[in-house]
Asks: 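Have a look at this one before I ask anything.
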Amino acid sequence: MTENGENPLIPLAEAPSPRFIWGAHHAYEFSPRGLQKPEKCKVIIGYRNPKASYSSLFHLYQEWTKAGLFTEQFSWEDYIAACLTGKSSDFVCTGGSWFDFYKQWWENRNENMYFLCFEQIIKDCPKVIEELANFLGKSLTDEQVKTIADHIKFDNLKGSDAFGNAFEQIKSLKEGQSSHMRKGKIDDWKNNFTVDQSEQFDKLYEEKMKGIGFPEPIYE
């Protein structure tokens, strides 16, 4: 990881091809033009159900407040009220609202884009690994698929330096910052959303994503 202000393009330019670039959070319209051309590279877009995404981000913001990145702690009620407007302008996040972010990528998808679903990894990890390998033009043995599936189990990743302690590598976030990997559960959003908030969110989802063919969210 790089510190704020450091140019990540320098080490990338020095890396041998094929190169792997991890962790971009930009909307499609702000992505490099090379990512938008099928012949240039393959793009993997990770996603999880939006209720879990918003719940997880809320907890991350709470940790960032403890680390001094925000001046005031805000409540779940205030946070979800902003989320339920469905407007990126009401939501402080690098990619805007979940809806705008994924709708834009989905509507501009091409054959060199793969949408990687977190919940599908939890439910049938070997199947996802095989699909992803096929997308990348790789052939894996059953033993290799099993090895990868074991390696990327949530608890194993949480204990690793590269994932579970990723923020520890960023000096500006280290002090007061806990692990960004919390539970890895599909339905932990239920511990935040009230029934009414969940129903309002379902209506918003239908309004924003109707008719575009985006995969139906897996909520449990």
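Start at 1 with the first residue, then count along the sequence. Note that the coordinates shown come from a computational prediction; the quantities given were computed from them, not determined experimentally.
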Asks: Can you say whether the rings of Y79 and F74 are parallel (under 30°), tilted (30 to 60°) or perpendicular (over 60°)?
Replies: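 Rings of Y79 and F74: parallel, as their planes differ by under 30°.
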Asks: Apply side-chain contact (heavy atoms from CB on, under 4.5 Å) to S55 and K190, showing your working.
Replies: CA-CA 9 Å; S55 294; K190 294 179 181 179; over 6 Å; no
Asks: Under the side-chain contact (heavy atoms from CB on, under 4.5 Å) criterion, do W76 and Q197 qualify, and how do the steps go?
Replies: CA-CA 11 Å; W76 166 259; Q197 289 167 348; 3.0 Å; yes
Asks: Give, for atom CD1 of I129 and atom CG of D124, the distance between the pair rounded to the nearest 0.5 Å.
Replies: 9.5 Å
Asks: Determine which pairs satisfy salt bridge (charged side-chain N to carboxylate O under 4.0 Å, His left out) with at least one residue from residues 132-149, sequence neighbours left out, and list them in order.
Replies: K146-D150
Asks: To the nearest 0.5 angstrom, please state how far the CH2 atom of W106 sits from the CD1 atom of I45.
Replies: 9.5 Å
Asks: Should the ring pair W105 and Y28 be called parallel, tilted or perpendicular, given that the plane angle runs from 0 to 90° and is split at 30 and 60?
Replies: perpendicular
Asks: Take F201 and Y54, measure what ring-ring contact (aromatic ring centres under 6.0 Å, His included) needs, and give me the verdict at the end.
Replies: CA-CA 11 Å; F201 197 94; Y54 279 128; 5.7 Å; yes
Asks: Got a sec, which pairs hit salt bridge (charged side-chain N to carboxylate O under 4.0 Å, His left out) with one end in residues 197-215, sequence neighbours left out?
Replies: K51-D202
Asks: Mind checking whether F214 and W98 have parallel, tilted or perpendicular rings, split at 30° and 60°?
Replies: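 Correct class here is perpendicular.
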Asks: Please name the pair of heavy atoms, one in Q144 and one in S139, separated by the smallest distance, quoted to 0.1 Å.
Replies: OE1-O, 4.0 Å
Asks: Could you go through the side-chain contact (heavy atoms from CB on, under 4.5 Å) check for N112 and V43 one step at a time?
Replies: CA-CA 6 Å; N112 270 1; V43 183; over 6 Å; no
Asks: Once you round to the nearest 0.5 Å, how far does CZ of F135 lie from OH of Y114?
Replies: 9.0 Å
Asks: Would you call the rings of W189 and F193 parallel, tilted or perpendicular, where under 30° means parallel and over 60° means perpendicular?
Replies: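 Correct class here is perpendicular.
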Asks: In the structure I gave you, are the side-chain heavy atoms of Q120 and P215 within less than 4.5 Å of one another anywhere?
Replies: no
Asks: Regarding Q104 and N108, do their side chains bring together a donor and an acceptor under 3.5 Å, going by distance alone?
Replies: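 Distance-only check fails for Q104 and N108.
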